[in-house]
Amino acid sequence: MTVDIQSLPTVFDRPVHIAVIGGTGLSSLPGYHPVAALSPSTPWGEPSSPILILEHAGVPVAFLARHGLHHQLAPHEVPSRANVAALRSIGVRTVIAFSAVGSLQEHIKPMDFVVPDQIIDRTKGVRPFTFFEGGVVGHVGFADPFDAGLAAVVKRCAASMRGDGVVLHNGGTIVCMEGPQFSTRAESHMYRAWGGSVINMSALPEAKLAREAELAYQMICMATDYDCWRSTEDVDVAMVMKYMAANSENAKHLVGAVLDELCKHENSELVLAKHWEGSAQGAVKFMTKPAGRDPEAMKRVEFLFPGFWDE
């Protein structure tokens with residue numbers, strides 16, 4: 001899908017409840033008609049790219065390129081707070097995030113897909129990772145980083161994938177490293193010993209921020225390599241892009257099937273993320289006492305949750 005963003009309207013007058021964040025290998029959604037390109041400003045800056053509003057069977061879906069329209073943002077440069085806040089501000093409550101990953105286990109082959117249910121954080125504090133700071137504190141639960149309801153929908157769509165031997169793995173642990181360099185061999189063996197399934201540079205802080213914003217969030221991972229724990233081959237960009245190019249169509253088939261399922265009326269409650277409603281707001285409201293709240297920090301929270309401080 002080639003879209004002339006400049007020619008699209010810059011406003012859209014309906015709420016958009018579903019978003020796809022595209023990573024390496026998923027830069028568009030074929031079959032979805034572009035109707036607008038939004039660039040909402042947030043207290044945390046501008047999102048990575050304009051948010052494309054795509055329509056399919058009368059249902060609007062937002063698409064955001066995590067690394068920018070031309071993949072010009074390194075993992076630590078992605079403005080994740082602005083991305084998540086911008087999506088929420090246009091009505092998004094469900095996010096399907098796509099990511100290329102390295103496999104840390106023999107049975108997860110390059111070109112396999114993984115629907116993870118856990119994360120190990122190996123980022124280094126370079127990336128801003130919370131909305132709640134600078135005078136407003138909130139401690140939000142993150143025991144289960146992904147949304148089980150969305151994961152179940154993704155698993156039901158496994159039949160949409162094409163090709164012999166391609167597998168959708170149910171569950172697994174992402175190790176999210178800082179990057180942009182790949183792992184050392186010693187690190188890769190350590191992550192395997194920890195029980196890591198796959199490794200990427202994109203799951204965090206995106207998943208943490210989605211939880212703070214009370215969004216239902218699920219990442220879909222596609223393995224492009226065996227990282228560097230195998231002594232016979234070292235991961236490099238050429239290897240990653242070879243497998244990604246070979247299977248990018250499968251990524252589009254799977255994401256398309258997931259969106260078709262989420263657009264069904266019977267999934268409307270899941271899509272609206274009612275099960276997360278209030279989970280972050282309660283953590284904030286009862287932590288920092290009124291006398292200690294910074295006015296600017298309160299405005300930022302108000303952007304995420306309009307009317308938050310109203311009594």
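We count residues from 1, following the sequence as given. All heavy atoms count here, side chains included; hydrogens, waters and symmetry mates do not.
- Going from atom CG of Leu64 over to atom CG of Leu52 covers 9.0 Å, rounded to the nearest 0.5 Å.
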Practice item. Would you check, one step at a time, whether the test side chain to side chain contact (heavy atoms under 4.5 Å, CB included) holds for Trp309 with Val136? Key: CA-CA 12 Å; Trp309 302 108; Val136 171; 4.2 Å; yes
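- Arg88 places a side-chain heavy atom less than 4.5 Å from the side chain of Leu215.
- For Asp144 (side chain) and Phe146 (main-chain N/O), no donor-acceptor pair under 3.5 Å exists by modelled atom type.
- Environment of NZ in Lys274: sparse, with no more than 12 heavy atoms of neighbouring residues, nucleotides or ligands closer than 6.0 Å.
- Taking CD of Glu77 as the reference point, atom OG of Ser48 lies at 10.0 Å (rounded to 0.5 Å).
- To the nearest 0.5 Å, the span separating CG on Leu259 from CD1 on Ile96 amounts to 7.0 Å.
- Contact record, Ala65 with Leu69: CB-N, 4.4 Å, taken as the closest heavy-atom pair.
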Point to revise | Working for side chain to side chain contact (heavy atoms under 4.5 Å, CB included), residues His76 and Lys124 | key: CA-CA 10 Å; His76 67 283; Lys124 298 175 180 176; over 6 Å; no
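- The closest donor-acceptor contact from the side chain of Asp227 to the backbone of Ser103 lies at 3.5 Å or more, if one exists at all.
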Exercise for review: Determine, step by step, whether Phe131 and Trp44 satisfy the ring-ring contact (aromatic ring centres under 6.0 Å, His included) criterion, reporting the C-alpha distance in whole Å, the side-chain angles of both residues, the deciding distance to 0.1 Å, and the verdict.
Suggested key: CA-CA 9 Å; Phe131 292 116; Trp44 299 276; 4.7 Å; yes
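- Taking CG from Asp121 and CE from Met177, the interatomic distance works out to 12.0 Å, rounded to the nearest 0.5 Å.
- Taking every heavy atom of both residues into account, Met111 and Val166 meet most closely at O-CG1, 3.6 Å.
- Using a 4.5 Å heavy-atom threshold, the side chains of Phe113 and Asn250 count as touching.
- To the nearest 0.5 Å, atom SG of residue Cys228 and atom CD1 of residue Ile199 are 8.0 Å apart.
- Nearest heavy-atom pair, Val114 versus Gly171, reported as atom, atom and distance to 0.1 Å: CG1-O, 3.8 Å.
- Ring geometry for His71 versus His67: interplanar angle under 30°, hence parallel rather than tilted (30 to 60°).
- Contact check for Glu212 versus Phe142: no side-chain heavy atoms found under the 4.5 Å cut-off.
- With Ser202 contributing its side chain and Ser99 its backbone, the two residues share no donor-acceptor pair below 3.5 Å.
- Side chain of Asp112 to backbone of Lys109: a donor-acceptor contact under 3.5 angstrom is found.
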Review item, side-chain donor-acceptor pairs of residues 298-305, under 3.5 Å, at least two apart:
{"unit_1": "Lys299", "atom_1": "NZ", "unit_2": "Glu296", "atom_2": "OE2", "d": "3.3"}
{"unit_1": "Glu302", "atom_1": "OE1", "unit_2": "Phe308", "atom_2": "N", "d": "3.4"}
{"unit_1": "Glu302", "atom_1": "OE2", "unit_2": "Gly307", "atom_2": "N", "d": "2.6"}

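- Using a 4.5 Å cut-off on side-chain heavy atoms (C-beta onward), Cys176 and Arg122 make no contact.
- Residues Thr123 and Leu204 come closest through the heavy atom pair CG2-O, 4.4 Å.
- In the hydrophobic cluster analysis, where Ile, Leu, Val, Met, Phe, Trp and Tyr join through side-chain heavy atoms closer than 4.5 angstrom, Met190 is grouped together with Leu104.
- Between Thr224 and Ala100, the closest heavy-atom pair is CG2-CB, 4.0 Å.
- For the side chain to side chain contact (heavy atoms under 4.5 Å, CB included) with Tyr217, the lone residue among Arg211, Lys208, Glu206 that qualifies is Glu206.
- Residues passing the side chain to side chain contact (heavy atoms under 4.5 Å, CB included) test with Pro205 are Ser80, Arg127, Phe129, Leu209, sequence neighbours excluded.
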Practice item. Using the side chain to side chain contact (heavy atoms under 4.5 Å, CB included) rule, take Leu168 and Val115 through it: C-alpha gap first, then chi angles, then the decisive distance, then the call. Key: CA-CA 7 Å; Leu168 181 72; Val115 185; 3.6 Å; yes
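- Side-chain atoms of Ser188 do not come within 3.5 Å of backbone N or O of Ser183 as any donor-acceptor pair.
- In terms of the ring-ring contact (aromatic ring centres under 6.0 Å, His included) criterion, residue partners of His169 (sequence neighbours excluded) are, by chain and number, His107.
- Side chain of Thr288 to backbone of Val137: a donor-acceptor contact under 3.5 angstrom is found.
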Mind listing the side-chain donor-acceptor pairs of residues 6-21 below 3.5 Å, one per line with the distance, residues two or more places apart or on another chain?
{"unit_1": "Ser7", "atom_1": "OG", "unit_2": "Asp4", "atom_2": "O", "d": "2.7"}
{"unit_1": "Arg14", "atom_1": "NH2", "unit_2": "Glu55", "atom_2": "OE2", "d": "2.2"}
{"unit_1": "His17", "atom_1": "ND1", "unit_2": "Gly91", "atom_2": "O", "d": "3.2"}

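- Under the 4.5 Å side-chain criterion, counting only non-hydrogen atoms from C-beta, Trp194 is not in contact with Thr173.
- Proximity of Cys221 to Ile174: side-chain heavy atoms (C-beta onward) are separated by under 4.5 Å at one or more points.
- No donor-acceptor pair under 3.5 Å is formed between the side chain of Tyr226 and the backbone N or O of Pro110.
- The heavy-atom pair separating Ile5 from Ala37 by the smallest distance is CG2-CB, 3.6 Å.
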Review point. Under the side chain to side chain contact (heavy atoms under 4.5 Å, CB included) criterion, do Met222 and Phe98 qualify, and how do the steps go?
Key: CA-CA 8 Å; Met222 191 183 81; Phe98 190 87; 4.0 Å; yes
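- In this structure a side-chain-to-backbone donor-acceptor pair under 3.5 Å is present from Gln105 to Gly196.
- Residues Asn200 and Met219 have side chains in contact (heavy-atom distance under 4.5 Å, counting atoms from C-beta outward).
- Looking at heavy atoms from C-beta onward, Gln218 lies in side-chain contact with Pro116 at the 4.5 angstrom threshold.
- Applying the ring-ring contact (aromatic ring centres under 6.0 Å, His included) test to Trp276 and every residue at least two apart in sequence or in another chain returns nothing.
- Without hydrogens or angle criteria, Glu214 side chain to Gly278 main chain gives a donor-acceptor distance under 3.5 Å.
- Interatomic distance, Lys155 NZ to Cys157 SG, rounded to the nearest 0.5 Å: 12.0 Å.
- A donor-acceptor pair under 3.5 Å is formed between the side chain of Asp147 and the backbone N or O of Gly149.
- A continuous path of ILVMFWY side-chain contacts below 4.5 Å connects Met161 to Val153, so both sit in one hydrophobic cluster.
- Screening Ile220, Val95, Val258, Leu262 for a side chain to side chain contact (heavy atoms under 4.5 Å, CB included) involving Leu150 leaves a single residue, Leu262.
- A continuous path of Ile, Leu, Val, Met, Phe, Trp and Tyr side chains, each step under 4.5 Å between heavy atoms, connects Val255 with Val271, placing both in one hydrophobic cluster.
- Under the ring-ring contact (aromatic ring centres under 6.0 Å, His included) criterion, His265 pairs with no residue at all, not counting sequence neighbours.
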